[in-house]
Amino acid sequence: MQWELPNIIQLIFIIISCFLFFFIGFFVIRKKQKERPRIWVAFILLLIGLFSFSVNLLWDGLLLQISILPLGVWLVFLIYYFLDRHAAFYKHQNRWYRHRPYLWLGFFTNYLFLIMMVLAHLLFSLVYPSKQLITFISDSGGASTLRIHNTAETRVFDKQALQTQLHQAQLKQVDGGEWFSSSDPTFNHGEANEKFAYILVGTKAKWGSNLEPLIFVEDNGKGLLIQTEQQQYYFTLDQSIWEEE
(Lines give C-alpha, C1' and ligand atoms only; values in the text may rest on other atoms or scores of the structure.)
Protein backbone atom coordinates (compact mmCIF):
# COMPACT_ATOMS: atom_id res chain seq x y z
CA MET A 1 0.00 0.00 0.00
CA GLN A 2 1.35 3.41 -0.94
CA TRP A 3 1.98 5.74 1.97
CA GLU A 4 0.46 9.17 1.51
CA LEU A 5 2.16 12.26 2.88
CA PRO A 6 -0.06 14.37 5.16
CA ASN A 7 -1.13 17.85 4.20
CA ILE A 8 0.03 20.79 6.28
CA ILE A 9 -3.09 20.79 8.49
CA GLN A 10 -2.86 17.06 9.18
CA LEU A 11 0.83 17.47 9.97
CA ILE A 12 0.10 20.20 12.54
CA PHE A 13 -2.55 18.09 14.24
CA ILE A 14 -0.27 15.03 14.25
CA ILE A 15 2.44 17.06 15.98
CA ILE A 16 -0.07 18.32 18.56
CA SER A 17 -1.32 14.76 19.18
CA CYS A 18 2.21 13.41 19.63
CA PHE A 19 3.06 16.24 22.01
CA LEU A 20 -0.01 15.52 24.17
CA PHE A 21 0.75 11.79 23.99
CA PHE A 22 4.25 12.10 25.38
CA PHE A 23 3.46 15.03 27.69
CA ILE A 24 0.76 13.08 29.51
CA GLY A 25 2.92 9.98 29.61
CA PHE A 26 6.18 11.48 30.84
CA PHE A 27 5.12 14.64 32.70
CA VAL A 28 1.73 13.73 34.13
CA ILE A 29 1.59 10.00 34.80
CA ARG A 30 5.27 9.46 35.48
CA LYS A 31 5.54 12.50 37.73
CA LYS A 32 2.75 11.24 40.01
CA GLN A 33 4.27 7.82 40.47
CA LYS A 34 6.46 7.05 43.45
CA GLU A 35 8.09 4.10 41.73
CA ARG A 36 8.72 5.15 38.18
CA PRO A 37 9.72 2.88 35.31
CA ARG A 38 12.72 3.80 33.24
CA ILE A 39 12.05 6.25 30.47
CA TRP A 40 12.76 3.73 27.72
CA VAL A 41 10.42 1.22 29.38
CA ALA A 42 7.64 3.80 29.59
CA PHE A 43 8.22 4.71 25.95
CA ILE A 44 7.91 1.08 24.82
CA LEU A 45 4.77 0.61 26.93
CA LEU A 46 3.17 3.65 25.33
CA LEU A 47 3.83 2.25 21.88
CA ILE A 48 2.56 -1.22 22.81
CA GLY A 49 -0.63 0.34 24.16
CA LEU A 50 -1.35 1.78 20.72
CA PHE A 51 -1.72 -1.74 19.35
CA SER A 52 -5.43 -2.55 19.10
CA PHE A 53 -8.11 -4.25 17.07
CA SER A 54 -9.89 -1.57 15.07
CA VAL A 55 -12.66 -1.23 12.52
CA ASN A 56 -12.45 1.02 9.49
CA LEU A 57 -15.13 3.57 8.72
CA LEU A 58 -15.23 5.72 5.61
CA TRP A 59 -16.59 9.17 6.35
CA ASP A 60 -16.62 12.03 3.86
CA GLY A 61 -13.74 10.48 1.94
CA LEU A 62 -11.70 10.04 5.12
CA LEU A 63 -10.77 6.56 6.34
CA LEU A 64 -11.26 6.42 10.10
CA GLN A 65 -9.78 3.66 12.26
CA ILE A 66 -11.84 3.16 15.41
CA SER A 67 -10.06 1.15 18.08
CA ILE A 68 -12.27 -1.46 19.74
CA LEU A 69 -10.12 -3.96 21.63
CA PRO A 70 -6.93 -3.01 23.55
CA LEU A 71 -4.76 -5.87 22.28
CA GLY A 72 -1.53 -4.29 23.52
CA VAL A 73 -2.91 -3.94 27.04
CA TRP A 74 -4.15 -7.51 27.05
CA LEU A 75 -0.86 -8.83 25.73
CA VAL A 76 1.23 -7.22 28.47
CA PHE A 77 -1.31 -8.25 31.12
CA LEU A 78 -1.05 -11.90 30.04
CA ILE A 79 2.74 -11.71 30.05
CA TYR A 80 2.79 -10.22 33.54
CA TYR A 81 0.20 -12.69 34.75
CA PHE A 82 2.39 -15.56 33.59
CA LEU A 83 5.50 -14.03 35.15
CA ASP A 84 3.73 -13.33 38.42
CA ARG A 85 3.14 -17.03 38.80
CA HIS A 86 6.92 -17.24 39.22
CA ALA A 87 7.24 -14.00 41.14
CA ALA A 88 9.98 -15.39 43.33
CA PHE A 89 12.38 -14.82 40.46
CA TYR A 90 11.47 -11.16 40.11
CA LYS A 91 12.17 -8.31 42.44
CA HIS A 92 9.10 -6.16 41.73
CA GLN A 93 5.75 -7.92 41.74
CA ASN A 94 3.73 -4.71 41.33
CA ARG A 95 5.15 -3.79 37.95
CA TRP A 96 1.75 -4.31 36.28
CA TYR A 97 0.23 -1.56 38.44
CA ARG A 98 3.11 0.74 37.61
CA HIS A 99 3.05 0.01 33.89
CA ARG A 100 -0.64 -0.23 33.05
CA PRO A 101 -1.28 3.59 33.00
CA TYR A 102 1.14 3.88 30.08
CA LEU A 103 -0.55 1.02 28.26
CA TRP A 104 -4.02 2.48 28.68
CA LEU A 105 -2.74 5.89 27.67
CA GLY A 106 -1.40 4.34 24.48
CA PHE A 107 -4.76 2.73 23.76
CA PHE A 108 -6.84 5.84 24.41
CA THR A 109 -4.41 7.89 22.36
CA ASN A 110 -5.90 6.11 19.35
CA TYR A 111 -9.07 8.09 20.03
CA LEU A 112 -7.04 11.26 20.42
CA PHE A 113 -5.54 10.70 16.97
CA LEU A 114 -9.03 9.91 15.62
CA ILE A 115 -10.50 13.14 16.96
CA MET A 116 -7.55 15.15 15.71
CA MET A 117 -7.85 13.66 12.22
CA VAL A 118 -11.56 14.51 12.09
CA LEU A 119 -10.84 18.08 13.20
CA ALA A 120 -8.02 18.34 10.66
CA HIS A 121 -10.36 17.09 7.93
CA LEU A 122 -13.02 19.65 8.83
CA LEU A 123 -10.46 22.46 8.96
CA PHE A 124 -8.97 21.30 5.66
CA SER A 125 -12.34 21.68 3.94
CA LEU A 126 -12.48 25.28 5.18
CA VAL A 127 -8.94 26.26 4.23
CA TYR A 128 -8.95 24.29 0.97
CA PRO A 129 -12.57 24.31 -0.25
CA SER A 130 -13.22 21.76 -2.99
CA LYS A 131 -15.85 24.06 -4.51
CA GLN A 132 -13.15 26.45 -5.71
CA LEU A 133 -10.93 25.72 -8.68
CA ILE A 134 -8.15 27.82 -7.13
CA THR A 135 -7.70 25.05 -4.56
CA PHE A 136 -6.59 22.63 -7.28
CA ILE A 137 -4.91 25.15 -9.60
CA SER A 138 -3.19 27.83 -7.57
CA ASP A 139 -0.21 28.31 -9.87
CA SER A 140 -0.60 27.85 -13.62
CA GLY A 141 2.64 29.55 -14.63
CA GLY A 142 4.11 26.35 -16.05
CA ALA A 143 0.85 24.93 -17.35
CA SER A 144 0.46 23.23 -20.72
CA THR A 145 -1.93 20.76 -22.31
CA LEU A 146 -1.39 17.32 -23.82
CA ARG A 147 -3.59 15.29 -26.14
CA ILE A 148 -4.49 11.92 -24.60
CA HIS A 149 -7.01 10.62 -27.17
CA ASN A 150 -6.77 10.03 -30.89
CA THR A 151 -9.88 12.12 -31.51
CA ALA A 152 -8.27 15.23 -30.00
CA GLU A 153 -7.56 18.02 -32.44
CA THR A 154 -4.49 20.24 -32.25
CA ARG A 155 -5.29 23.16 -29.97
CA VAL A 156 -3.33 26.18 -28.77
CA PHE A 157 -3.54 26.62 -25.01
CA ASP A 158 -4.27 30.14 -23.74
CA LYS A 159 -2.60 30.25 -20.34
CA GLN A 160 -3.85 33.74 -19.58
CA ALA A 161 -7.46 32.74 -20.21
CA LEU A 162 -7.15 30.05 -17.57
CA GLN A 163 -5.38 32.26 -15.05
CA THR A 164 -8.04 34.99 -15.21
CA GLN A 165 -10.88 32.53 -14.61
CA LEU A 166 -9.55 30.53 -11.68
CA HIS A 167 -11.68 32.42 -9.17
CA GLN A 168 -14.80 32.52 -11.34
CA ALA A 169 -15.03 28.84 -12.30
CA GLN A 170 -18.27 27.16 -11.23
CA LEU A 171 -18.58 23.68 -9.79
CA LYS A 172 -21.11 21.50 -11.62
CA GLN A 173 -22.40 18.00 -11.08
CA VAL A 174 -20.45 15.19 -12.72
CA ASP A 175 -22.61 13.48 -15.36
CA GLY A 176 -20.60 10.34 -15.99
CA GLY A 177 -23.40 8.52 -17.80
CA GLU A 178 -23.76 11.15 -20.51
CA TRP A 179 -19.99 11.48 -20.93
CA PHE A 180 -19.57 7.73 -21.27
CA SER A 181 -22.30 7.41 -23.89
CA SER A 182 -20.79 10.25 -25.95
CA SER A 183 -17.36 8.57 -25.97
CA ASP A 184 -18.61 5.02 -26.65
CA PRO A 185 -19.13 4.31 -30.38
CA THR A 186 -21.92 1.84 -29.60
CA PHE A 187 -24.01 4.71 -28.20
CA ASN A 188 -22.89 7.35 -30.70
CA HIS A 189 -23.60 5.91 -34.17
CA GLY A 190 -20.21 4.25 -34.44
CA GLU A 191 -18.24 7.40 -33.60
CA ALA A 192 -16.11 7.87 -30.49
CA ASN A 193 -16.04 11.48 -29.37
CA GLU A 194 -13.99 11.73 -26.21
CA LYS A 195 -15.34 14.60 -24.12
CA PHE A 196 -12.07 15.08 -22.22
CA ALA A 197 -9.38 14.39 -24.78
CA TYR A 198 -6.78 16.68 -23.21
CA ILE A 199 -4.92 16.81 -19.92
CA LEU A 200 -3.59 19.88 -18.17
CA VAL A 201 -0.08 19.51 -16.73
CA GLY A 202 2.45 21.76 -15.03
CA THR A 203 0.02 23.29 -12.52
CA LYS A 204 0.36 23.46 -8.74
CA ALA A 205 -2.37 23.10 -6.15
CA LYS A 206 -2.70 25.50 -3.24
CA TRP A 207 0.33 25.38 -0.96
CA GLY A 208 0.08 22.95 1.92
CA SER A 209 -2.84 20.97 0.50
CA ASN A 210 -0.61 18.14 -0.77
CA LEU A 211 -3.08 17.72 -3.63
CA GLU A 212 -1.80 16.26 -6.88
CA PRO A 213 -4.93 16.01 -9.01
CA LEU A 214 -5.28 14.87 -12.59
CA ILE A 215 -6.86 17.68 -14.59
CA PHE A 216 -8.71 16.82 -17.79
CA VAL A 217 -9.76 19.52 -20.23
CA GLU A 218 -13.07 19.42 -22.04
CA ASP A 219 -12.98 19.46 -25.83
CA ASN A 220 -14.51 22.95 -26.03
CA GLY A 221 -12.00 24.32 -23.52
CA LYS A 222 -14.75 25.44 -21.15
CA GLY A 223 -14.69 22.57 -18.69
CA LEU A 224 -12.12 21.03 -16.35
CA LEU A 225 -12.53 17.63 -14.74
CA ILE A 226 -10.48 17.36 -11.54
CA GLN A 227 -9.65 13.82 -10.45
CA THR A 228 -8.30 13.36 -6.92
CA GLU A 229 -7.73 10.12 -5.03
CA GLN A 230 -11.15 10.41 -3.40
CA GLN A 231 -13.45 12.25 -5.78
CA GLN A 232 -14.10 13.98 -9.09
CA TYR A 233 -14.95 17.66 -9.53
CA TYR A 234 -16.21 19.29 -12.69
CA PHE A 235 -15.69 23.04 -13.17
CA THR A 236 -17.06 25.12 -16.02
CA LEU A 237 -15.51 28.30 -17.41
CA ASP A 238 -17.18 31.24 -19.16
CA GLN A 239 -14.48 31.47 -21.78
CA SER A 240 -12.56 28.74 -23.55
CA ILE A 241 -8.90 28.23 -22.66
CA TRP A 242 -8.15 27.53 -26.33
CA GLU A 243 -6.88 30.36 -28.45
CA GLU A 244 -9.19 31.33 -31.26
CA GLU A 245 -7.94 30.35 -34.69
Side-chain contact test, heavy atoms from C-beta onward, threshold under 4.5 Å: evaluate it for [X] versus [Y] and give yes or no.
X	Y	value
Leu112	Leu114	no
Asp139	Thr203	no
Val217	Phe196	no
Ile215	Ile137	yes
Ile66	Asn56	no
Tyr198	Leu146	no
Tyr234	Leu224	no

Where Leu166 and Leu133 come nearest, the two heavy atoms and their spacing
O-CB, 3.7 Å
If I compare all heavy atoms of Gln227 with all of Gln231, which pair ends up nearest, and what's the gap?
NE2-O, 3.7 Å
Taking atom CH2 as the centre, does Trp59 end up with more than 12 heavy-atom neighbours from other residues, nucleotides or ligands that are less than 6.0 angstrom away?
yes
Counting neighbours of NZ on Lys159 that are heavy atoms of other residues, nucleotides or ligands and sit closer than 6.0 Å, is the number greater than 12?
yes
Has Gln165 got a side-chain atom pairing as donor or acceptor with Asp238's backbone, closer than 3.5 angstrom?
yes
Between Ser209 and Ala205, is there a donor-acceptor pair closer than 3.5 Å when you use the side chain of the first and the backbone of the second?
no
What residues, two or more places apart in sequence or in another chain, satisfy salt bridge (charged side-chain N to carboxylate O under 4.0 Å, His left out) together with Asp219?
Arg155
Test: ring pair (Phe, Tyr, Trp, His ring centres under 6.0 Å). Region: residues 31-55. Which pairs qualify, not counting sequence neighbours?
Phe22-Phe43
Run the ring pair (Phe, Tyr, Trp, His ring centres under 6.0 Å) test against Phe136 and tell me which residues pass, sequence neighbours left out.
Tyr233
Mind checking what makes ring pair (Phe, Tyr, Trp, His ring centres under 6.0 Å) contact with Phe216, not counting sequence neighbours?
none
Quick one: side chains of residues 99-109, donor-acceptor pairs under 3.5 Å with protein atoms, not counting sequence neighbours, listed by atom name and distance.
| from | atom 1 | to | atom 2 | distance (Å) |
| --- | --- | --- | --- | --- |
| His99 | ND1 | Tyr80 | OH | 2.6 |
| Tyr102 | OH | Gln33 | OE1 | 2.7 |
| Thr109 | OG1 | Leu105 | O | 2.5 |

With sequence neighbours excluded, what pairs up with [X] under the side-chain hydrogen bond (donor to acceptor under 3.5 Å, both in side chains) test?
X	answer
Ser140	Gln163
Gln168	none
Arg36	none
Glu212	none

How far does [atom1] of [X] sit from [atom2] of [Y], to the nearest 0.5 angstrom?
X	Y	atom1	atom2	answer
Leu225	Thr236	CG	OG1	12.5 Å
Gln10	Met117	CD	CE	5.5 Å
Leu214	Gln232	CG	CD	10.0 Å
Ser138	Lys204	OG	NZ	10.0 Å

Contact list for residues 112-135, test side-chain hydrogen bond (donor to acceptor under 3.5 Å, both in side chains), sequence neighbours left out:
Asp60-His121
So side-chain hydrogen bond (donor to acceptor under 3.5 Å, both in side chains) across residues 42-54, not counting sequence neighbours, yields Ser52-Ser67
Across all chains, not counting sequence neighbours, the side chain to side chain contact (heavy atoms under 4.5 Å, CB included) partners of Ile39 are Phe26, Arg30
